[in-house]
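A quick write-up on the structure given underneath.
Quick note on labels: first sequence line is chain A, next is B, and so on, each numbered from 1. Hydrogens, waters and symmetry mates play no part in the numbers below; they use all other heavy atoms, side chains included. These numbers come from a predicted model, not from an experiment.
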Protein chains: 2
Amino acid sequence: MKVNYSKSIPYNDDALDRLFKALSDRTRRAQLARLVKGPASISELAEPFDMSLPAASKHLKVLEKAKLVSCKKSGRVHYCQLQPEVLQNVEHWLTDYREFWNEKLDKLAQFVARESDDE
Amino acid sequence: MKVNYSKSIPYNDDALDRLFKALSDRTRRAQLARLVKGPASISELAEPFDMSLPAASKHLKVLEKAKLVSCKKSGRVHYCQLQPEVLQNVEHWLTDYREFWNEKLDKLAQFVARESDDE
DNA sequence: ATTATTGTTAACCAGTTGGTTTAGTATTGC
DNA sequence: GCAATACTAAACCAACTGGTTAACAATAAT
């Protein structure tokens, strides 16, 4: 089943706002990068960044609201897990532009090819 | 010439910050969407959004700083053009995660397939 | 020369963000 | 029971955002 994500489909602006906003902070991107390697507690996610636990915790909340991360409590430890599926929204959003930049790259490639022919 | 954008390469955080921040506002995304259809003046980019010219102009500046748009003045009108190449940074940034979510989707597909077999 | 058009700049404002510290709540371990 | 651990909640702060209006500059049209 293929979903049509082409130009006419209205993207969910609220979701994209939350997503891009979540991704616009390098600390949060670093936390995501850490989570690629596997689940982690909030302390583990705070430690490498030289910031207080509350700060790290707040970042995690932003990631959770964007649905990039899910956390569940086990005892007193909160285990956080990457939930990368929502990044497909970014992927789909890019579609219209990918076409555009490929065109430009093609033109550049043709230009370069033509230049080399002249030499 | 292939550039290695794999995990070990440090992404340019400043550029990604500017890029994701620029994309995190729906007005700016709408302006980009408009520019897919071709260059436009600042007035044209302000008009559909029921906002003042200075506001639209500020958004354009954010897009320019992220290098998503380039503007040049001709007479008194500023023509703005989409510069989508920089979105490849987003594309590349996604790489590590794409792998991750494809895995998950594969597992889901396998699960679904097994379920249908049972029926 | 005047006037209209297309923007920019500056000053301002309310709300958000990213950080802090301090205090409090569960849970675990001794 | 008591102390340590892992976190959350609240209050605060400076800086940034996204918007406004008012004033200005530059170009075009009459």
**Message:** Between B:Glu44 and A:Lys21, which residue's closest nucleotide on DNA chain C lies nearer the 5′ terminus?
**Reply:** B:Glu44
**Message:** Please find the pair of heavy atoms, one from B:Cys71 and one from B:Leu60, that lie closest to each other, and give the distance.
**Reply:** SG-CD1, 4.3 Å
**Request:** Kindly state each residue pair satisfying ring-ring contact (aromatic ring centres under 6.0 Å, His included) with at least one member in residues 17-61 of chain B, sequence neighbours excluded.
**Result:** B:Phe20-B:Trp93
**Request:** Could you identify which residues cluster with A:Val62, counting Ile, Leu, Val, Met, Phe, Trp and Tyr as linked when any side-chain heavy atoms lie under 4.5 Å apart, either directly or through a chain of such contacts?
**Result:** none
**Request:** For A:Arg76, check salt bridge (charged side-chain N to carboxylate O under 4.0 Å, His left out) against everything at least two apart and list the hits.
**Result:** none
**Message:** What residues from residues 53-65 of chain A pass a heavy-atom cutoff of under 4.0 Å to DNA chain D?
**Reply:** A:Leu53, A:Pro54, A:Ser57, A:Lys61
Compile the donor-acceptor pairs under 3.5 Å between side chains in residues 29-36 of chain A and protein atoms, sequence neighbours left out, one pair per line.
unit_1: A:Arg29; atom_1: NH1; unit_2: A:Leu23; atom_2: O; d: 2.8
unit_1: A:Arg29; atom_1: NH1; unit_2: B:Asp17; atom_2: OD1; d: 2.9
unit_1: A:Arg29; atom_1: NH2; unit_2: B:Asp13; atom_2: O; d: 3.4
unit_1: A:Arg29; atom_1: NH2; unit_2: B:Asp13; atom_2: OD1; d: 3.1
unit_1: A:Arg29; atom_1: NH2; unit_2: B:Asp17; atom_2: OD1; d: 2.9
unit_1: A:Arg34; atom_1: NH1; unit_2: A:Gly38; atom_2: O; d: 3.0

**Prompt:** Out of curiosity, B:Asn12 CG to A:Arg26 CZ, how far, rounded to the nearest 0.5 Å?
**Reply:** 8.5 Å
**Request:** May I have the distance from B:Ile42 (atom CD1) to C:dT9 (atom P), rounded to whole angstrom?
**Result:** 10 Å
**Minimal non-hydrogen separation, B:Gln83 against B:Val69, with atom names** = CB-N, 4.0 Å
**Request:** Calculate the interatomic distance between A:Phe49 atom CZ and C:dG18 atom C1'; express it in whole Å.
**Result:** 15 Å
**Prompt:** What residue pairs, at least two apart or across chains, pass side chain to side chain donor-acceptor pair (under 3.5 Å) with a residue in residues 40-54 of chain A?
**Reply:** A:Ser41-A:Glu44
**Request:** Select base, sugar-phosphate, or nothing to describe what B:Ser43 touches, counting heavy atoms under 4.0 Å on all strands.
**Result:** sugar-phosphate
**Asked** How long is the gap from CH2 on B:Trp101 to CG on B:Asp96, to the nearest 0.5 Å?
**Response** 11.0 Å
**Fill in**
Sequence neighbours excluded, the answer for side-chain contact (heavy atoms from CB on, under 4.5 Å) partners of B:Tyr79 is B:Ser74, B:Val77
Check nucleotides 25-27 of chain C against the protein and report each pair of N or O atoms closer than 3.5 Å, with its distance, or say if there are none.
unit_1: C:dT27; atom_1: O2; unit_2: A:Arg76; atom_2: NH1; d: 3.1

**Message:** What range of DNA chain D does chain B touch, first nucleotide to last, counting atoms under 4.0 Å from its heavy atoms?
**Reply:** D:dT17 to D:dA28
**Request:** Can you sort out the partners of B:Ser57 under side-chain contact (heavy atoms from CB on, under 4.5 Å), two or more places apart, ordered by chain and number?
**Result:** B:Ile42, B:Lys61
**Prompt:** When you measure from the side chain of B:Arg28 to the backbone N and O of B:Lys21, does any donor-acceptor pair fall under 3.5 Å?
**Reply:** yes
**Item:** Interface with DNA chain D, restricted to residues 23-33 of chain A and to heavy atoms under 4.0 Å
**Value:** none
**Request:** Take the protein atom CZ of B:Phe20 and the nucleotide atom P of C:dT17, then report the distance between them rounded to whole Å.
**Result:** 17 Å
**Request:** Output all residues satisfying salt bridge (charged side-chain N to carboxylate O under 4.0 Å, His left out) with A:Glu64, sequence neighbours left out; order by chain, then residue number.
**Result:** none
